[in-house]
Amino acid sequence: MTFLWEQMWERLASEEFDLIVIGGGIVGACVARDATLRGLKVALLERKDFASATSGASSKLIHGGLRYLMNLEIGLVRESLKERRIWSQIAPHLVNSLPFILPIHGNKKFRERLMYSLGLKAYDWLSYDRNRLSDPNKFIPPHKRVSRQDILAIEPRLEEMNFNDALLFHDYQMYSPERLAWACLKQSITQGAVVLNYTEVVGFLRDKTRIVGVKIKNRDDGRETQIKGKVIVNATGPWADRLIAIATEKEPARKIIRSKGIHILTKPLTTKYAIAMPGKGTHFFVLPWQGYSLLGTTDTIYQGDPDDVHVSERELVEFLSMINRGFEGANLRRGDVLFFYAGLRPIVEKDPQETEEEFNSYNASRSAEVFDHAQDACDGLITAVGGKWTTSRHLAERVVNKVFEKLGATPPPCKTDLTPVHGVDFHVFNEFLDEVKKQYADFPPEIIENLAHNYGTEIHKVLELALIDPQLGEPLSNTRKEIGAQVVYAVREEMARHLNDVLFRRTNMGNLGDPGEDVLRKTIDLMSHELAWQETVCDSEKNKSRVQFVSWARTFVIVNPKAWGNMTGKIWPNIEKKIHHAIGPVKVAFTEKQGHGTILAREALTEGYEQIIAVGGDGTINEVVNGFFKDDKRINPEAVFAIISTGTGRDFSRTLGWPYDIDQQIEHLAETSVYPLDLGKMKFVNLQGEEVSRYFVNIASFGLSGATDRAVNRYVWLKQYSGKLAFFLGMLQALLTYRNKSVRLKIDNQFDDVLDIKTVAVCNGKYFGSGMKVSPNSEINDGWFDVIVIPGISTFELLLNVNKVYQGTHLTHPEIKIFKAQKVVATPAHTAGEVLLDVDGEVPGYLPASFEILHDAIYVRIAPKKEIEAD
Ligand SMILES: Cc1cc2nc3c(=O)[nH]c(=O)nc-3n(C[C@H](O)[C@H](O)[C@H](O)COP(=O)(O)OP(=O)(O)OC[C@H]3O[C@@H](n4cnc5c(N)ncnc54)[C@H](O)[C@@H]3O)c2cc1C
């Protein structure tokens with residue numbers, strides 16, 4: 001059977017086009033729709049699937065954008081509000097009204113309350129024509145104040161939220177942005193356009209200073225060809241500057257800055273109301289969508305490759321933590337996250353003098369720009385970039401007017417504001433819904449409702465398949481509303497070529513999280529039957545989809561079974577079950593020998609894991625942290641480090657304020673914040689006499705502490721009962737033979753002298769020796785070491801003062817020296833007599849050594865309230 005896609009590809013070779021549109025997001029789709037409705041011959045080329053980039057990663061709102069009012073972008077807000085009305089009129093099945101509440105907190109100042117009320121009043125005025133619609137169910141009332149009681153009656157989950165009352169206003173929400181983009185594209189196909197996905201524009205055809213066509217490549221089978229077009233529109237969103245650079249062979253005069261936004265889908269926090277939570281320089285939405293809560297979004301400058309954009313574990317945890325802070329009672333845990341996605345807003349830089357760091361993407365205008373590249377010796381090429389989903393129809397109108405100008409013709413009137421999108425021949429959606437429910441009374445009503453929303457009048461074609469083959473009328477699983485006919489229809493009529501096209505864009509199955517093995521299998525069976533896939537293709541398609549779902553389980557756990565006197569291995573099965581419950585599936589590996597933690601962490605990060613949890617003592621923690629680096633570079637600068645501390649000393653976890661109780665530690669992993677952590681980097685001589693370097697996370701010290709550590713590590717049996725006692729005995733044993741060492745110390749440019757020392761501690765953290773608070777003033781991310789020099793005092797005096805060290809009150813001792821430093825060099829004054837090092841509780845070698853602070857070197861999970869200090 002020749003499917004739509006093959007027919008389209010064949011037509012490319014035989015036809016010449018007035019307009020070639022590059023990019024099948026909503027902007028490209030709207031341009032193609034408008035141009036075909038005005039009679040142009042159009043080809044649209046999309047390198048992946050339609051609406052698979054920014055247009056499939058939005059907050060799904062058709063809205064005016066209340067916050068743009070705060071930036072006084074009145075023109076943009078009015079344009080958006082007008083477009084909001086148009087979308088609900090032309091796509092009533094896919095655009096529904098959504099009530100928002102803006103909670104007014106008890107502590108909100110009068111000024112803020114007044115500001116929101118005035119803002120919403122202006123919002124009402126600017127949308128004066130909002131109810132000029134054929135469907136009364138879409139009418140939007142003016143905003144009003146609602147009491148806490150009234151809200152709680154509908155949203156009891158808001159009980160714990162601290163608010164007095166709220167302002168209620170309405171915007172619209174898309175049932176499925178991907179299907180709305182498709183409805184626009186399908187309309188252009190029915191008007192004669194050639195529309196192709198998985199077709200990438202890789203170059204341009206030129207005739208002197210004109211662009212006259214494009215070189216294209218089929219991304220599935222590598223076929224290449226060229227097509228001619230009189231005008232070319234670059235609608236590639238975040239890739240727009242790349243296409244401009246290919247055409248003009250130079251960087252665009254005004255840079256495109258990409259701002260990243262993430263969303264997560266969680267258990268429902270509300271059922272009816274969306275919540276807008278404004279903050280300073282940020283805001284977030286809690287949006288009810290398809291029975292769940294969609295939470296968005298962030299706004300951060302993105303400097304990576306747009307093809308690689310994804311939600312990092314760090315962003316996810318930080319975002320969850322922000323929601324939990326702003327939405328009292330949400331108590332979202334990592335395991336509540338069902339799905340997430342990231343998108344890039346292309347924002348055209350206004351001031352070329354401004355650096356990317358200075359640029360404020362949150363406050364940057366969301367207005368769109370249209371560039372005519374005649375000035376770049378690329379006549380015939382137009383770029384349309386920026387803007388919002390909501391305003392894309394209007395942007396397309398401007399672009400198509402420009403296309404006519406380029407063609408030397410007077411533009412006919414634009415019809416897209418009055419012509420319903422494909423699949424609409426009704427005025428009132430609910431009436432249509434009642435009709436189809438009656439007509440297909442044999443099907444469960446929720447299935448018909450889902451089909452009516454997604455397909456409009458195309459529902460008849462989908463159900464025709466189910467009437468011919470009743471098996472196709474069955475839901476794909478008993479928890480899903482999607483039926484097999486949708487899969488077959490997607491392949492035959494909607495150009496779905498891959499499993500992900502069906503899961504994420506022709507249906508919403510994937511956007512609600514993992515649909516389960518059964519659904520995946522059935523969907524693949526139906527697709528492979530249609531597309532004659534071999535088993536290897538089925539496997540590869542499944543794997544590509546699985547990555548989308550398991551991508552949230554990106555945690556690798558490194559367990560040292562020998563830590564805590566072999567106890568860690570014994571209790572691990574129990575810990576694993578609890579971790580799974582708290583944060584979902586994780587991958588686990590056990591260390592088998594010294595240094596193995598570093599190798600395992602390095603391998604996991606190279607493979608793409610985003611969070612590494614070290615389970616064990618301070619030594620294991622140190623090994624794992626060393627695995628974050630390869631050739632002195634961070635393997636993944638976004639990667640997050642976390643611990644389940646089961647060791648003897650637990651000195652690093654004390655500094656972090658991490659609880660002692662293992663169950664509590666696991667609970668914290670489900671809900672904690674992420675914090676940048678300084679590391680120390682040291683060069684020293686290892687036990688084999690070689691000069692080596694390594695990182696340390698907590699404290700590196702030398703002298704008595706090194707000798708003590710060596711002794712303590714012999715008390716394996718005692719460590720599982722009392723780390724403190726083992727350390728104390730080790731210290732007594734070391735003291736019997738320890739003689740004060742003479743060391744030359746260079747501390748930045750402030751100190752350079754030879755001293756007799758008992759111990760010198762170069763501290764990032766506060767504790768060593770199983771709870772000795774040797775450096776009470778250390779902070780793990782201040783960019784400084786605290787260097788504590790304990791001089792060569794007598795053993796008797798040391799023992800007298802030991803208790804003070806546990807309490808952190810020893811620094812007042814007149815002989816103790818304290819420095820803040822970034823670089824320390826320690827060299828034995830006499831070559832004879834080894835000075836042992838103690839690095840995070842292990843003895844890796846001797847002096848000479850140098851120590852350098854690395855500020856904000858990696859991210860670490862800490863206790864929710866950033867309690868760095870704990871005893
Ligand atoms: C986090 C976030 C939330 C948002 N929320 C909202 C919202 O709620 N409401 C709203 O109105 N707006 C919202 N927006 C804005 C809105 O999503 C965008 O304005 C809109 O989707 C941009 O569409 P586009 O077609 O320009 O880009 P895209 O959807 O990215 O489309 C560009 C397409 O070009 C293709 N392409 C690239 N290079 C080539 C090539 N060489 N050959 C062929 N094809 C190519 C890409 O594959 C891509 O599919 C949001 C944006 C973000 C990032």
Side-chain angles (χ1 to χ4, degrees), residues 20-32 43-65 68 76 79-80 83-84 87 95 98 171-174 177-178 180-181 184-185 196-204 214-219 232-247 256 258-264 274 284-285 287 289 294-300 302 306-307 309 311 340-347 361 366-369 383-396 399 505:
I20 297 172
V21 181
I22 313 171
I26 189 57
V27 173
C30 284
V31 171
L44 178 140
L45 309 162
E46 162 57 48
R47 75 198 272 261
K48 291 194 174 165
D49 190 25
F50 311 118
S52 60
T54 325
S55 301
S58 76
S59 306
K60 309 184 199 292
L61 296 175
I62 295 287
H63 63 155
Y68 308 123
L76 174 66
E79 179 196 11
S80 304
E83 292 300 311
R84 184 182 76 170
W87 280 113
V95 176
L98 178 66
D171 264 316
Y172 288 118
Q173 182 183 46
M174 289 178 267
E178 296 82 2
L180 183 49
C184 295
L185 286 167
L196 278 158
N197 49 359
Y198 297 99
T199 305
E200 179 166 6
V201 170
V202 290
F204 290 88
V214 291
K215 297 177 193 164
I216 60 171
K217 185 172 180 175
N218 175 341
R219 281 174 65 107
I232 322 285
V233 167
N234 169 15
T236 55
W239 289 266
D241 50 350
R242 297 197 166 187
L243 264 284
I244 295 172
I246 296 176
I256 287 183
R258 293 171 254 272
S259 148
K260 179 174 172 183
I262 70 167
H263 288 88
I264 59 177
F284 68 82
F285 291 130
L287 306 162
W289 187 70
L294 181 67
L295 314 181
T297 178
T298 55
D299 206 321
T300 46
Y302 178 79
D307 284 339
V309 66
V311 183
F340 51 74
Y341 54 86
L344 296 174
R345 307 170 185 87
I347 303 173
S361 62
R366 298 300 192 252
S367 56
E369 304 255 0
T383 292
V385 72
K388 297 164 59 187
W389 229 104
T390 312
T391 53
S392 50
R393 188 213 65 85
H394 189 224
L395 170 61
V399 171
R505 292 171 288 273

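Counting convention: from 1, in listed order, for ligands and their atoms alike.
For atom 42 (N) of ligand 1, the nearest non-hydrogen atom of the protein is Val201 N, 3.0 Å. Among protein heavy atoms, atom 21 (O) of ligand 1 sits closest to Ser55 OG, 3.0 Å. Among protein heavy atoms, atom 51 (C) of ligand 1 sits closest to Arg345 CG, 3.8 Å. The nearest heavy-atom contact from the protein to atom 31 (O) of ligand 1 is Gly25 CA, 3.4 Å. Considering only non-hydrogen protein atoms, atom 19 (O) of ligand 1 sits nearest to Gly387 O, 3.0 Å. At the top of the distance list for atom 49 (O) of ligand 1, counting protein heavy atoms only, stands Glu46 OE1, 2.7 Å. Regarding atom 26 (O) of ligand 1, its nearest protein heavy-atom neighbour is Val27 CG2, 3.3 Å. With respect to atom 43 (C) of ligand 1, the closest heavy atom belonging to the protein is Arg47 N, 3.3 Å.
The closest side-chain heavy-atom distance from Tyr68 to Lys388 is below 4.5 Å. Considering only heavy atoms from C-beta on, Asp299 comes within 4.5 Å of Arg345 through its side chain. Counting heavy atoms from C-beta on, the side chains of Lys60 and Leu287 never come closer than 4.5 Å. With a 4.5 Å cut-off on side-chain heavy atoms, Phe285 and Thr297 do not count as touching. Inter-residue side-chain proximity for Leu243 and Thr383 is flagged as unmet; no heavy-atom pair is nearer than 4.5 Å.
Counting heavy atoms closer than 4.0 Å to ligand 1, residue Ala57 contributes backbone atoms (N, CA, C, O) but none from C-beta onward. Heavy atoms of His63 found under 4.0 angstrom from ligand 1 belong exclusively to the side chain. For Leu61, heavy-atom contacts with ligand 1 shorter than 4.0 Å involve the backbone as well as the side chain. At a heavy-atom distance under 4.0 Å, no atom of Ser392 approaches ligand 1. Counting heavy atoms closer than 4.0 Å to ligand 1, residue Trp389 contributes atoms from both its backbone and its side chain. If you look at Thr54 next to ligand 1, the close heavy atoms, those under 4.0 Å, come from the backbone and the side chain alike. Contacts with ligand 1 closer than 4.0 Å are made by backbone heavy atoms (N, CA, C, O) of Thr199 only, the side chain lying farther away. Contact annotation for Leu243 and ligand 1: only side-chain heavy atoms (C-beta onward) come within less than 4.0 Å of the ligand. Proximity of Leu45 to ligand 1, defined as any heavy-atom pair under 4.0 Å, is confined to the backbone N, CA, C and O atoms.
Every atom of ligand 1 with a heavy atom of Thr236 under 4.0 Å away is listed here by number and element: 32 (C), 34 (O), 36 (N), 37 (C), 38 (N), 39 (C), 45 (C). Residue Ala53 approaches ligand 1 through these ligand atoms, each under 4.0 Å from one of its heavy atoms: 30 (O), 48 (C), 49 (O).
Considering all non-hydrogen atoms of both residues, Ala342 and Ala57 come closest at O-CB, 3.5 Å. Summarising the geometry of Ala235 relative to Val21, their closest heavy-atom pair is CB-CG1, 4.4 Å, with the distance given to 0.1 Å.
A salt bridge (Lys or Arg N to Asp or Glu O under 4.0 Å) with Glu200 holds for exactly one of Arg242, Lys217, Arg219; it is Arg219.
When only interatomic distances are considered, the shortest N/O to N/O separation between Ser52 and ligand 1 does not fall below 3.5 Å. For ligand 1, none of its N or O atoms has an N or O atom of Ile62 under 3.5 Å away. The distance criterion of under 3.5 Å between nitrogen or oxygen atoms is met by Thr390 with respect to ligand 1. Considering backbone and side-chain N/O of Ser58, none are found under 3.5 Å from N/O of ligand 1.
Ligand 1 is approached by His263 to a heavy-atom distance shorter than 4.0 Å.
Side-chain atoms of Thr390 and His63 include no donor-acceptor pair closer than 3.5 Å. For the residue pair Trp239 and Asp307, a side-chain donor N or O sits within less than 3.5 Å of a side-chain acceptor on the partner.
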